[in-house]
Number of protein chains: 2
Amino acid sequence: MGRPKEFDERAAIGRAMEAFWERGYEGTSTQALCEATGLGRSSIYNTFTSKHELFVRALDHYAERGQRDRAELLESCETGIECFRALFAYTIDDDIQGRRGCLVVNTVAEFGDRDPEISARIDADTRRHVSLLTACAAEGQRDGTIDTAHRPGDIAEFAHSTVTGLRLMSRRGAERAAMEAVAELALTAIAAR
Amino acid sequence: MGRPKEFDERAAIGRAMEAFWERGYEGTSTQALCEATGLGRSSIYNTFTSKHELFVRALDHYAERGQRDRAELLESCETGIECFRALFAYTIDDDIQGRRGCLVVNTVAEFGDRDPEISARIDADTRRHVSLLTACAAEGQRDGTIDTAHRPGDIAEFAHSTVTGLRLMSRRGAERAAMEAVAELALTAIAAR
DNA sequence: CCAGTTTTGCATTGATCAGTCCAAAATAGG
DNA sequence: CCTATTTTGGACTGATCAATGCAAAACTGG
């Protein structure tokens, strides 16, 4: 009962996510959030309580989206090394479009570990990302495409660090060739030799 | 002539840099800058014109400091690969203390390429950093400690990306062991085999 | 069609934002 | 000691910040 919402909550979070992604938390005013989502202040505060809460929801939305995309991407890879090749290529292709980097990376840079609620999301997302890559590394060591000299978890940390490096290069406006060189070298570090 | 300044301009910029480093540009109010520097508003505006101008000065200060530290660090290395090993070790040791990451990295994440004046500083600093590392890579290929399969410039881009990845790991509060694993794998990527 | 419930638009809140103004204070040159 | 010049502290500016209040609007169950 009661008056029904005139907007789709998920879509609104998506728009808010885009705004935060582009300008950061402090750099995005509630007014800007109203314009980005097309909602009035009342609707935003009635639904999301506060700017901080909306940011957390946007961060969760981003993390879920990323997790889903990565899972889909890696599922289609035949070998372990192909997972990492595809991951780097996807990172470059996806990011070179808008050059907005990664919301998680930007958020880490903006907040550090100052905000416990946000840190918890960052940590959870990082752990999930790294453990997915750990599985890829282990798979690659089984199928002979990835060097067995390093532990799968270390390889995953390394690949994760490389992806964040690429995201930052993109946000900075680095040349595609430079990004591809980084990806190529990262691959040689983990490939079977 | 006129009343003399009661403070050291360089020291004030250093304090402002620390504040921006910790909280970012948008997250650091002019009030916070007064408290960090110990100056009154008048002194700040009389000397630095605007918050933006002070930020640019702080960024320059940070970049110079970094350039000096890196040059000093790399000068003491015997071989090419030692340069990179020392660079990664320094990044981990230096950053693990305060876990504030890197002002340049944080600034890239906050601004992207939205602010031309800031972008120009970022680009210049990145170019200087990468070209220093390019020289290390070339040196390493000459002295036989670095793999010749890749171009020195690509190796430099890769190492630079690794350093930014490490800086972000630190800001996020990653475990030291994970950071060391990343550094170790990056080294195996470029070492002669 | 009415009572109860929720959403919405708009005005408004007090706090804080970056930046300015001004008069007192502190110097140097004459 | 006087004048010109600069710095300094502190009050002040209008704008914008995140968040709230309130009443009209829009629905559902009865």
Side-chain angles (χ1 to χ4, degrees), chain A residues 1-60 103 106-107 110-111 114-118, chain B residues 1-60 103 106-107 110-111 114-118:
Chain A
M1 59 178 72
R3 179 171 171 175
K5 277 193 166 69
E6 291 177 3
F7 62 95
D8 176 24
E9 203 169 303
R10 257 185 86 83
I13 292 174
R15 299 268 175 71
M17 176 192 77
E18 302 276 345
F20 283 128
W21 196 349
E22 190 56 44
R23 316 280 291 205
Y25 179 77
E26 295 283 1
T28 306
S29 68
T30 53
Q31 180 57 32
L33 288 167
C34 289
E35 285 158 18
T37 57
L39 306 183
R41 308 182 77 73
S42 298
S43 298
I44 285 188
Y45 279 94
N46 181 50
T47 312
F48 304 110
T49 316
S50 70
K51 179 186 175 184
H52 189 273
E53 188 75 7
L54 175 55
F55 182 76
V56 168
R57 297 282 298 272
L59 199 54
D60 280 342
L103 177 59
N106 295 352
T107 301
E110 180 168 1
F111 285 94
R114 194 181 333 130
D115 186 309
E117 201 170 351
I118 288 173
Chain B
M1 59 178 75
R3 178 172 172 174
K5 278 194 165 68
E6 292 176 3
F7 62 95
D8 176 24
E9 204 170 302
R10 256 185 85 84
I13 292 173
R15 298 269 174 72
M17 176 193 77
E18 302 276 347
F20 283 129
W21 195 349
E22 190 56 45
R23 301 279 210 166
Y25 179 78
E26 296 283 1
T28 306
S29 68
T30 53
Q31 180 57 33
L33 288 167
C34 290
E35 286 158 18
T37 57
L39 306 183
R41 308 182 77 70
S42 299
S43 298
I44 286 188
Y45 278 94
N46 181 49
T47 313
F48 304 109
T49 317
S50 70
K51 179 185 174 184
H52 189 272
E53 188 76 6
L54 175 54
F55 182 76
V56 168
R57 298 282 298 272
L59 200 54
D60 280 343
L103 178 57
N106 295 353
T107 302
E110 181 168 2
F111 284 94
R114 197 182 330 131
D115 186 310
E117 200 171 352
I118 289 173

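A note on names: the letters A, B, ... follow the listed sequences, proteins ahead of strands, and every chain is numbered from 1.
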K.L.:
Measure CZ/B:Phe7 against P/D:dT8 and give the value in whole Å, please.
P.N.:
5 Å
K.L.:
B:Lys5 has an atom NZ; how far is it from atom P of D:dT8, in whole Å?
P.N.:
7 Å
K.L.:
How is B:Phe48 classified with respect to the nucleic acid when contacts are heavy atoms under 4.0 Å: base, sugar-phosphate, or nothing?
P.N.:
nothing
K.L.:
Answer whether the closest heavy-atom distance between the side chains of A:Phe20 and A:Leu59 falls below 4.5 Å.
P.N.:
no
K.L.:
Is there side-chain contact between B:Ile118 and B:Tyr25, with heavy atoms separated by less than 4.5 Å?
P.N.:
no
K.L.:
Treat primed atoms plus P, OP1 and OP2 as sugar-phosphate and everything else as base, then score nucleotides 13-23 of chain C 5' to 3': B for base contact with protein heavy atoms under 4.0 Å, S for sugar-phosphate contact only, - for none.
P.N.:
----SBBBB--
K.L.:
Quick one: are B:Arg15 and B:Leu39 in side-chain contact, heavy atoms under 4.5 Å?
P.N.:
no
K.L.:
Using whole Å, report how far CG of A:Leu39 lies from P of C:dC10.
P.N.:
14 Å
K.L.:
Ignoring hydrogens and geometry, is there a side-chain-to-backbone donor-acceptor pair from B:Arg114 to A:Glu22 under 3.5 Å?
P.N.:
yes
K.L.:
Please state how far atom CD in A:Glu35 lies from atom C1' in D:dT16, giving the value in whole angstrom units.
P.N.:
13 Å
K.L.:
Is a donor on one side and an acceptor on the other found under 3.5 Å between the side chain of B:Glu110 and the backbone of A:Gly24?
P.N.:
no
K.L.:
Could you run down the sub-3.5 Å N/O contacts of the protein with nucleotides 27-29 of chain C?
P.N.:
| from | atom 1 | to | atom 2 | distance (Å) |
| --- | --- | --- | --- | --- |
| C:dT27 | O2 | B:Gly2 | N | 3.4 |

K.L.:
Return the value, rounded to whole Å, for the distance between atom CD1 of A:Ile44 and atom C1' of C:dT6.
P.N.:
17 Å
K.L.:
Between A:Arg57 and A:Met17, is any pair of side-chain heavy atoms under 4.5 Å apart?
P.N.:
no
K.L.:
Rounding to a whole Å, what distance do you find between A:Leu54:CG and D:dA18:C1'?
P.N.:
13 Å
K.L.:
When you compare the side chain of A:Phe55 with that of A:His52, does any pair of heavy atoms fall below 4.5 Å?
P.N.:
no
K.L.:
Looking at side-chain heavy atoms only, is the closest gap between A:Leu33 and A:Ile44 below 4.5 Å?
P.N.:
yes
